[in-house]
Chemist: 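Take a look at the following structure, please.
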Amino acid sequence: MTPQAELVEYARALHVRGWVANHDGNITLRASGGRFLITPTAMSKRLLDESMLVVVDAQGRKVSGRLRPFGELGLHLAVYGARPDVGAVIHAHPPHATGYAWAHRPLFSPPTSPEPVVSLGPEIPLVPYARPGADAEAALRPFAHTHHAALLANHGVISWGPDLETAFLRMELVEH
């Protein structure tokens, strides 16, 4: 499967699971040459196809694609900048975990069962609310170094991993 097909498959899976609505959520995949394959802004993940994907550089500037990059791209780039081992980042609004983020409550600290610890570490941190843009990126950056997923206060969830499968499974485990 091509990286483009894989990205579309996972974007549609976000929609099928009810983790995104309308134009919510976004996915990025590290590509070669300091570039990233990303989902576009203002597009339902249900309707996404490979022709709609966008390629950006490490500063978030569009390199190719007919649609526009999404506005929260800086959050993804903050994770990639902190973690050269990360190959994919997913941001979504799974309802249960997002409820915790809106309530400003961590999901588990200390852990309540061993399974999440294996994949997510000893906690899923709550990133303090910050205005979109540079403030939100700065708030997330310290957690990117030591964690694999985080709740974004007043917002949703972000997860990452070496590949899309791992990033998706981490999102799934956060919601579970």
Chemist: For atom NE2 of His145, decide whether the heavy atoms of other residues, nucleotides or ligands shown that lie under 6.0 angstrom number more than 12.
Modeler: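 Check passes, neighbour count above 12.
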Chemist: Could you grab the distance from atom CZ of Phe143 to atom CG of Leu151, nearest 0.5 Å is fine?
Modeler: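 Atom-to-atom, Phe143:CZ and Leu151:CG are 10.5 Å apart.
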Chemist: Please identify each residue that fulfils side-chain hydrogen bond (donor to acceptor under 3.5 Å, both in side chains) with Tyr100, with sequence neighbours left out.
Modeler: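 For Tyr100, no residue satisfies side-chain hydrogen bond (donor to acceptor under 3.5 Å, both in side chains) once neighbours in sequence are set aside.
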Chemist: Using only heavy-atom distances, determine whether the side chains of Asn26 and His91 contain a donor-acceptor pair under 3.5 Å.
Modeler: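 No, no side-chain donor-acceptor pair sits under 3.5 Å.
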Chemist: What pairs of residues pass the side-chain hydrogen bond (donor to acceptor under 3.5 Å, both in side chains) test when at least one of them lies in residues 160-171, not counting sequence neighbours?
Modeler: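 The answer is Tyr10-Glu165, His148-Arg170, Asp163-Thr166.
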Chemist: Applying salt bridge (charged side-chain N to carboxylate O under 4.0 Å, His left out), can you list everything that pairs with Arg66, at least two apart in sequence or on another chain?
Modeler: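 So Arg66 forms no salt bridge (charged side-chain N to carboxylate O under 4.0 Å, His left out) with any residue.
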Chemist: Can you measure from CG (Leu53) to CG (Leu37) and round to the nearest 0.5 angstrom?
Modeler: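 Going from the CG atom of Leu53 to the CG atom of Leu37 covers 5.0 Å.
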Chemist: In Å and rounded to the nearest 0.5 Å, what is the CE to CD distance from Met1 to Glu9?
Modeler: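 The distance works out to 4.0 Å.
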Chemist: Are Leu164 and Leu169 linked, directly or through intermediate hydrophobic residues, by side-chain heavy-atom contacts shorter than 4.5 Å (ILVMFWY only)?
Modeler: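 No, Leu169 and Leu164 fall in different hydrophobic clusters.
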Chemist: Taking the side chain as every heavy atom from C-beta outward, state whether Pro40 and Leu48 have any pair of such atoms under 4.5 Å apart.
Modeler: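 Pro40 reaches Leu48 side chain to side chain.
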Chemist: If you measure from OG1 on Thr41 to CD on Glu72, what distance do you get to the nearest 0.5 Å?
Modeler: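 If I round to the nearest 0.5 Å, the distance is 8.5 Å.
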Chemist: Around atom CZ of Arg35, are there more than 12 heavy atoms of other residues, nucleotides or ligands at under 6.0 Å?
Modeler: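 For Arg35, atom CZ is not crowded (no more than 12 foreign heavy atoms under 6.0 Å).
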Chemist: When you compare the side chain of Tyr80 with that of Thr28, does any pair of heavy atoms fall below 4.5 Å?
Modeler: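 Side chain of Thr28 against side chain of Tyr80, heavy atoms only: contact under 4.5 Å found.
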Chemist: Side-chain contact, heavy-atom cut-off 4.5 Å: His76 with Ile27?
Modeler: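 In short, these two side chains do not touch, never coming nearer than 4.5 Å.
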Chemist: Taking only residues at least two apart or on different chains, which pairs with a member in residues 80-105 satisfy salt bridge (Lys or Arg N to Asp or Glu O under 4.0 Å)?
Modeler: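 Residue pairs with at least one partner in residues 80-105: Arg83-Asp85.
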Chemist: Specify the closest pair of heavy atoms between Ala92 and Trp19, including all atoms of both residues, with the distance to one decimal.
Modeler: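 Result for this residue pair: CB-O, 3.6 Å.
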Chemist: Quick check: do Tyr129 and Leu152 have side-chain heavy atoms less than 4.5 Å from each other?
Modeler: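 Contact flag for Tyr129/Leu152 side chains = no.
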Chemist: Not counting sequence neighbours, which residues clear salt bridge (charged side-chain N to carboxylate O under 4.0 Å, His left out) with Glu50? List them please.
Modeler: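 None.
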Chemist: Would you say Leu14 and Arg46 make side-chain contact, with heavy atoms under 4.5 Å?
Modeler: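 When only atoms from C-beta onward are counted, Arg46 and Leu14 do not touch, as no gap falls below 4.5 Å.
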Chemist: State plainly whether the residues Glu175 and Arg17 are in salt-bridge range, i.e. N to O under 4.0 Å.
Modeler: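 No salt bridge links Glu175 with Arg17.
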Chemist: Indicate the atoms forming the closest heavy-atom contact of Ile90 with Met171, along with that distance.
Modeler: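 Heavy-atom minimum between the residues: O-CE, 3.5 Å.
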Chemist: Going by heavy atoms in the side chains, are Val63 and Val54 under 4.5 Å from each other?
Modeler: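 They are not in side-chain contact.
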Chemist: Do Asp49 side-chain atoms and Ser51 backbone N/O form a donor-acceptor pair below 3.5 Å?
Modeler: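 Confirmed, Asp49 side chain pairs with Ser51 backbone.
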Chemist: Rounded at 0.5 Å granularity, tell me how far OG in Ser159 sits from NE2 in His147.
Modeler: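 Reported to 0.5 Å precision, the distance equals 14.0 Å.
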Chemist: Under the salt bridge (Lys or Arg N to Asp or Glu O under 4.0 Å) definition, can you give me all pairs with a residue in residues 130-153, not counting sequence neighbours?
Modeler: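 Found none.
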Chemist: Counting C-beta onward and ignoring hydrogens, is there a side-chain heavy-atom pair between His96 and His176 closer than 4.5 Å?
Modeler: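 They are not in contact (no side-chain heavy atoms under 4.5 Å apart), so the answer is no.
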Chemist: Side-chain contact, heavy-atom cut-off 4.5 Å: Pro69 with Ile38?
Modeler: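 Yes - at least one pair of side-chain heavy atoms lies under 4.5 Å apart.
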